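A short write-up of the structure that comes next.
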Amino acid sequence: MMQSLHPNSNSKFTPLMMANAKAILSLLQGCNSMRKLHKIHAHILINGYQHNPSISEKLLNFCAVSVSGSLAYAQLVFHRIHNPQTPAWNSMIRGFSQSLSPLQLQAIVFYNHMLSASHAWPDTYTFSFLLKACEEAKEEGKCREVHGFIIRFGYDQDVVVCTNLIRSYAGNGLIETAHKVFEEMPARDLVSWNSMISCYCHAGLHEEALKMYDQMRISNVGFDGFTLVSLLSSCAHVGALHMGVQMHRFACERRLVENIFVGNALIDMYAKCGSLASALSIFNSMPKRDVFTWNSMIVGYGVHGRGDEAITFFGRMLMAGVRPNSITFLGLLCGCSHQGLVKEGVQYFHMMSSEFNLKPGIKHYGCMVDLFGRAGKLKEALEVIRSSPSQHDPVLWRTLLGSCKIHRNVEIGEMAMRNLVQLGSLGAGDCVLLSGIYAEAKDLQGVARMRKLIQSRGIKTTPGWSWIEVGDQVHRFVVDDKSHPDSREIYRKLEEVIHRASLVGYAMEESSLVAAPESNTQEYCWETSTSYHSEKLAIAYGLARTPEGTSLLIVKNLRVCRDCHNFTKFVSKAFDREIIVRDRVRFHHFRGGHCSCKDFW
DNA sequence: CTAGGGTTAG
């Protein structure tokens, strides 16, 4: 009788017409689309369950939180609840916290409403969701304010709430505050440790991240795949191969190498630490591969200047049915430019948009400038900048300036310089580059002008550093560093190294005209002959502290200067060592007096 | 069955 009153009486939900609350609940549980939800909602109304708290909460939760839900619908449902309790508020706050910006601010609005206009009290869940919203919406002030409430409610004793606090602070750039919360929380579990490490990793504080691991071991919480992935990423960034190998061993022991996240992180670590062969062997052993897997290999080959192999892997990637993204093309273009594969680079640049519907970004244009510039086609490089949508980006002009240095082009170099001045982003490195161009053209006045420019404008400089990992320690050096505990020994060793390198042909460039990219202070800027660049110190230390025949890996934040590049070539010959230098932009493999970049960088 | 953690580029 009742069935005939209902228009949907033929639908498969018909039996529910007489269903009890329990049946409706279980149907809500299995709901996976708004279409089904509308039907279930109709049944709820017909059966008079709209005021049943557990049903309306479940309904609300689905709309607000599920990927196939609808926040707009959730709001309608919410406003029909007479006296919403904490779980209902939580659903709304959670829903908005995971929505697109700037909608996340609505999570905070709901929370404020909850405090002022309802009888429901926030609980630990409320704060977890709310902190997530503060993190996503970059609401630093609100984050601090919420922290105050958390303390007043006594929820600062809760691990999950504290972990959310850490992420929220770190996401707002307050990494030290985040660490303070971490230190002061009553107990730390595995997730809290992993969060703290990943926050450091994201903030670029890789040495801090790696240090956390030592403390983590003492605290006996163990580790898992999440731990390894963040740590491996930090190892990759700082070039800590030995530590990375140790992580690899842990991964094997715990059967975590089969985890795709761990495998991808291992590939990246080995590639960034100069060991492409190991990266490849991980790649070959992976049971499943995704876009990260392929990109890590392609980018790895790219930064090592092996464009042909990057291209080969790109082809295999397509064959495997994995869709490339913009990072894939960055790796490809980088490889092409460093290997001088101009034709191929151009082809892939066009392929991005024509075949994969990917819009080239500023970095892709940067690669194109580099591709032409490095190959000596400076006019074409200039044309790329002119035709790019981001012709007012200093990065492009800076890249062009670098190419002018390689090809000793004063005219276009000066043009690049003028644009950098106009864009108000002239850096010391730019002056040093142009000065180098003048020096090679024997234009002493030009060199003097650059020197004056730096001094008169008080141009901000990037301090240069190099680091080398010896044993389980990362050692960091700056120009003329005397802060290392073994400083005296290092300088003695360096004198010996220079002597032995000179026996096989090395001659230090005495000319004060040789401007060094590492020069970070005015004193050292023009006096190469009296200063020791950080990588020389790192190399000396590495030679002194590692067994004969082992290869050295140096990581530095700036480009290698010509003298150091030359020096390293002769050292590799004199000491019969492989020396790998990871530059700001690429890898140099020195062996037997030659470099893999073929003096082209 | 209301909560917190992961990789490539920059």
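Small disclaimer: the values here were computed from a predicted structure and weren't measured. To find a chain, count down the sequence lines: A is the first, B the second, and so on, and within it residues start at 1.
- Taking atom CG of residue A/Asn61 and atom P of nucleotide B/dA3, one finds them 8 Å apart after rounding to whole Å.
- Inspection of the A/Asn264 and A/Ser296 side chains reveals no N or O donor paired with an N or O acceptor under 3.5 Å.
- The A/His237 side chain lies nearest to B/dA9 when the options are B/dA3, B/dA9, B/dT2.
- The separation between A/Leu130 atom CG and B/dG4 atom P is 14 Å, rounded to whole Å.
- Cation-pi geometry between A/Arg94 and A/Tyr125 is not met: the NZ or CZ atom fails to fall both under 6.0 Å from the ring centre and inside 45° of the normal.
- Residue A/Val299 places its side chain closer to B/dA9 than to any other of B/dG6, B/dA3, B/dA9.
- The closest side-chain donor-acceptor pair between A/Asn52 and A/Ser54 falls under 3.5 angstrom.
- Ring-centre distance between A/Phe110 and A/Phe78: below the 6.0 Å cut-off.
- DNA chain B is contacted by A/Asn259, A/Phe261, A/Val262, A/Asn264, A/Asp268, A/Lys272 of residues 259-281 of chain A, taking any non-hydrogen atom closer than 4.0 Å.
- Taking the centre of each ring, A/Phe314 and A/Tyr348 come in below the 6.0 Å mark.
- Checked against B/dG10, B/dT8, B/dG6, the side chain of A/Ser230 finds its nearest nucleotide in B/dG6.
- If you check every strand for non-hydrogen atoms under 4.0 Å, A/Phe129 touches a base.
- Although no hydrogens or angles enter the test, the distance criterion places no donor-acceptor pair under 3.5 Å between the side chain of A/Ser56 and the main chain of A/His51.
- No hydrogens or angles considered: a donor-acceptor pair under 3.5 Å links the side chains of A/His588 and A/Asp583.
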Apply side chain to side chain contact (heavy atoms under 4.5 Å, CB included) to A/Leu28 and A/Leu37, showing your working.
CA-CA 8 Å; A/Leu28 273 169; A/Leu37 188 98; 4.0 Å; yes

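- Across all strands shown, A/Thr124 has heavy atoms under 4.0 Å from base atoms, whether or not it also approaches the sugar-phosphate.
- For A/Ser198, whose side chain is taken as the heavy atoms from C-beta onward, the closest listed nucleotide among B/dA3, B/dG6, B/dT8 is B/dG6.
- The stretch residues 316-336 of chain A touches DNA chain B through A/Ile327, each having a heavy atom under 4.0 angstrom from the strand.
- For the pair A/Leu25 CG and B/dC1 P, the computed distance is 9 Å after rounding to whole Å.
- Figure legend: A/Arg289 and A/Phe283 shown as a cation-pi pair, the cationic atom lying under 6.0 angstrom from the six-membered ring centre and within 45 degrees of its axis.
- Here B/dT8 presents its P atom at 19 Å from CZ of A/Phe313, a figure rounded to the nearest Å.
- Where stacking is scored as ring centres under 5.5 Å apart with planes under 30°, A/Phe292 does not register as stacked on the base of B/dT8.
- Residue A/Leu190 is classed as a base contact, given a heavy-atom separation below 4.0 Å to a base.
- Between the side chain of A/Asp224 and the base of B/dG6, no donor-acceptor pair of N or O atoms lies under 3.5 Å.
- Put simply, A/His202 has a side-chain N or O that comes within less than 4.0 Å of OP1 or OP2 on B/dT7.
- Within residues 162-175 of chain A, the residues approaching DNA chain B are A/Thr163, A/Asn164, A/Arg167, by heavy-atom distance under 4.0 Å.
- Residue contacts shown for A/Val159 include a base, since a base heavy atom lies under 4.0 Å away.
- In this structure, OH of A/Tyr125 is placed 6 Å from C1' of B/dT2, rounded to the nearest angstrom.
- No hydrogens or angles were tested; on distance alone, a donor-acceptor pair under 3.5 Å links the side chain of A/Ser192 to the base of B/dG4.
- Rounded to whole angstrom, the span from the CG atom of A/Asp123 across to the P atom of B/dA3 amounts to 12 Å.
- Rounded to an integer number of Å, the gap from A/Lys288 NZ to B/dG6 P is 22 Å.
- When the nucleotides B/dA3, B/dG4, B/dG10 are ranked by their closest atom to the side chain of A/Ser128, B/dA3 comes out on top.
- A distance-only check finds a donor-acceptor pair linking the side chain of A/Ser168 to the backbone of A/Leu131 [under 3.5 Å].
- No cation-pi contact links A/Arg217 to A/Phe223, judged by a cut-off of 6.0 Å to the six-membered ring centre and 45° from its axis.
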Run A/His113 and A/Ser118 through side chain to side chain contact (heavy atoms under 4.5 Å, CB included) and show every step you take.
CA-CA 7 Å; A/His113 238 86; A/Ser118 89; over 6 Å; no

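- With A/Tyr169 as reference, A/His147 is the one residue of A/Glu176, A/Arg144, A/Glu135, A/His147 to meet the side-chain hydrogen bond (donor to acceptor under 3.5 Å, both in side chains) rule.
- One atom, CG of A/Leu27, and another, P of B/dC1, lie 15 Å apart when rounded to the nearest Å.
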